[in-house]
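Shown next, in structure tokens, is the structure this report addresses.
We count ligands from 1, going down the list as the structure has it; atoms in each ligand are counted the same way.
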Amino acid sequence: MAKLLEALLELPHVRIKDPDYMLSVFEEIIEGNSEKLQVISDFDQTLTKDHENGERCLTTFGIFHSTPQLPKGYNARSEALYHKYHPFEVHPELTVEQKTPYMEQWYKDSEQLLFGAEVSKEELKGHIYSSKTCFRDGSVEIFNALKKAEVPVLVFSAGVGDVVHHALEKHEMLLDNVRIISNFLNWNDQGTLEGFQGDMIHVFNKNQRALAAHEEYFSLLAHRPNVILLGDNEGDAAMGHGVQDPKAMIKIGFLFHHPEQRLEKFMDMFDIVLIDDQTMDVPKKILHHILGAHHFD
Ligand code: TMP
Ligand code: MG
């Protein structure tokens, strides 16, 4: 494991907060083997890329909003919301407390847009299947390995749950060890959309409160105190708060927007920070070590 850490540290885009501490966490996770492990991952820009060939990859909201059956002008309005609020999400100087009201407003505005929209579940599924879903190279492989090793995976997303579901299903990643917590669409009996089900999960409330409704999931996994967590913004670092009596946790953060200014904050919140890495190479190397090569065959 020390060799792997050394090799990771040599990569120019990899930052490790405290290599000695990391080594002891790795050793503890390896000792606990796959039986004591669970994985928690964000979806947009974590399992998927931020950009590909110079173009922005759509988020699950972006995919949903471009559904052709939605009213005319809908996509343009949601794009306008994206350009208004996304800069706050990745703002290099504002604190999470300062950013949160903007995120709450973004999610309210976005939900408001979809009230009364007439799009069927089948139409939406068809659209997701024909859309570009932009998974990182290695995401599918990791999911297959985690299934082989019977390690539970929680995909915790402040995106659109139905899009997360079908995007995973499309790539045969929705295996029976995978569970999704997200914002699922709420259809009324007439097939019209009425916002989202339950409380909205936004990018900075992925914490104890949002997880309180899912206590049962974490109590079923109480015998798995070791965690690998993957995320791409400050709020994602809190996704492990629902884990019961966590023992060894490795938080891996993908950093793309304003990397120089945000690196310090990311280093405070994550154990390993990957700067503009659009692959799953580093998490794959780590899991390869923990689960064993045979799970990746
Ligand atoms: P995530 O939690 O899976 O990363 O998904 C949330 C992402 O979705 C986050 O980066 C903000 C983004 N988003 C949009 O792209 N459009 C929207 O309308 C909203 C509300 C969020
Ligand atoms: Mg994300």
Side-chain angles (χ1 to χ4, degrees), residues 40-51 55-67 70 74-91 96 99-115 117 128 131-136 139 153-168 173 178-185 193 195-196 199-207 210-211 229-240 251-258 262 266 269-270 273-274 277-278 280 283:
I40 303 177
S41 177
D42 168 55
F43 186 83
D44 284 309
Q45 274 84 52
T46 296
L47 292 179
T48 60
K49 298 176 194 174
D50 186 278
H51 57 280
E55 272 183 39
R56 172 159 68 87
C57 289
L58 287 184
T59 60
T60 50
F61 270 99
I63 293 176
F64 172 73
H65 287 147
S66 59
T67 308
L70 286 170
Y74 193 97
N75 198 19
R77 288 205 294 279
S78 94
E79 269 290 296
L81 290 180
Y82 181 91
H83 291 295
K84 178 173 174 186
Y85 291 113
H86 182 257
F88 289 105
E89 179 185 355
V90 298
H91 197 286
V96 165
K99 291 175 182 194
T100 297
Y102 293 101
M103 294 302 106
E104 287 171 350
Q105 198 54 48
W106 188 11
Y107 277 74
K108 270 191 203 138
D109 291 354
S110 205
E111 184 176 34
Q112 203 59 41
L113 260 187
L114 59 83
F115 268 89
I128 298 162
S131 298
K132 197 169 141 196
T133 27
C134 243
F135 278 99
R136 285 173 189 272
S139 288
V153 179
L154 173 63
V155 178
F156 191 5
S157 169
V160 181
D162 307 67
V163 181
V164 173
H165 178 104
H166 290 303
L168 290 173
M173 294 162 79
V178 176
R179 161 85 174 258
I180 303 168
I181 298 180
S182 187
N183 301 305
F184 285 90
L185 294 161
L193 283 171
F196 292 101
D199 290 340
M200 282 285 255
I201 300 166
H202 65 71
V203 286
F204 297 124
N205 73 359
K206 293 182 173 184
N207 48 29
L211 289 164
L229 180 150
L230 303 168
D232 78 294
N233 80 36
E234 297 101 307
D236 293 336
M239 294 190 301
K251 291 189 263 184
I252 304 174
F254 291 96
L255 171 59
F256 171 61
H257 296 275
H258 312 294
R262 292 170 82 206
F266 263 58
M269 296 186 173
F270 293 96
V273 178
L274 308 174
D277 181 346
Q278 300 300 314
M280 272 291 177

Residue-level breakdown please: for [X] versus ligand 1, do any non-hydrogen atoms fall below 4.0 Å on the side chain, on the backbone, on both, or on neither?
X: T60; value: neither
X: E89; value: side chain
X: D44; value: both
X: H65; value: side chain

Short side-chain donor-acceptor distance under 3.5 Å, [Y] and [X]:
X: H257; Y: D50; result: yes
X: D109; Y: Q105; result: yes
X: E79; Y: H83; result: yes

Please identify each residue that fulfils side-chain hydrogen bond (donor to acceptor under 3.5 Å, both in side chains) with K99, with sequence neighbours left out.
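Counting only residues at least two positions away or on another chain, K99 forms a side-chain hydrogen bond (donor to acceptor under 3.5 Å, both in side chains) with E234.
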
Could you check [atom] against the protein and tell me its nearest heavy-atom contact, residue, atom and distance included?
atom: atom 18 (O) of ligand 1; answer: S110 OG, 2.9 Å
atom: atom 15 (O) of ligand 1; answer: T59 OG1, 2.6 Å
atom: atom 4 (O) of ligand 1; answer: D42 OD1, 2.9 Å
atom: atom 12 (C) of ligand 1; answer: W106 CH2, 3.8 Å

Consider every N or O of A158 and every N or O of ligand 1, then say whether any pair is closer than 3.5 Å.
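Looking only at distances, the answer is yes, because the N/O contact criterion of under 3.5 Å is met.
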
Test your reading of the structure: does G159 have an N or O sitting under 3.5 Å from an N or O of ligand 1?
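G159 vs ligand 1: N/O contact under 3.5 Å present.
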
Quick one: [atom1] on [X] to [atom2] on [Y], what's the gap to the nearest 0.5 Å?
X: F156; Y: I201; atom1: CZ; atom2: CD1; answer: 5.0 Å
X: L113; Y: L70; atom1: CG; atom2: CG; answer: 9.5 Å
X: D42; Y: F254; atom1: CG; atom2: CZ; answer: 10.0 Å

S182 side chain to G159 backbone, donor-acceptor under 3.5 Å:
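Yes, because the side chain of S182 sits within donor-acceptor range (under 3.5 Å) of the backbone of G159.
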
From the candidates F156, F61, Y85, Y107, the one that places a heavy atom nearest atom 17 (C) of ligand 1
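It is F61 that holds the nearest heavy atom.
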
Proximal ligand 1 atoms for [X], defined as those under 4.0 Å from one of its heavy atoms:
X: K206; value: 2 (O)
X: Y82; value: 15 (O)
X: S157; value: 1 (P), 2 (O), 3 (O), 5 (O)
X: F43; value: 3 (O)

Listed by chain and number, what are the side-chain contact (heavy atoms from CB on, under 4.5 Å) partners of T59, not counting sequence neighbours?
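Here the qualifying residues are D44, Q45, F61.
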
M200: partners by side-chain contact (heavy atoms from CB on, under 4.5 Å), with sequence neighbours left out:
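Only Y107, E111, N183, F196 meet the side-chain contact (heavy atoms from CB on, under 4.5 Å) criterion with M200.
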
Please give me the protein atoms (N, O or S only) lying under 2.8 Å from the Mg ion (ligand 2), ordered by chain and number.
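Hits for the Mg ion (ligand 2) below 2.8 Å: D42 OD2, D44 O, D232 OD1.
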
Check: I252 and F270 side chains under 4.5 Å, non-hydrogen atoms
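A side-chain contact is absent here, since even the closest heavy-atom pair is not under 4.5 Å.
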
Mutual orientation of the aromatic rings belonging to Y74 and H65 [parallel < 30°, tilted 30-60°, perpendicular > 60°]:
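If you compare the ring of Y74 with that of H65, the planes turn out tilted.
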
For H86, is the nearest heavy atom under 4.0 Å from an atom of ligand 1?
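It does not; every heavy atom stays at 4.0 Å or beyond.
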
Can you find a non-hydrogen atom of L81 under 4.0 Å from ligand 1?
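Per 4.0 Å heavy-atom rule, L81 does not contact ligand 1.
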
Less than 6.0 Å separating the ring centroids of F204 and Y102?
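Ring centres of Y102 and F204 not closer than 6.0 Å.
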
Assert yes or no for the condition that the ring centre distance of H51 to F256 is strictly below 6.0 Å.
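Yes, close enough.
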
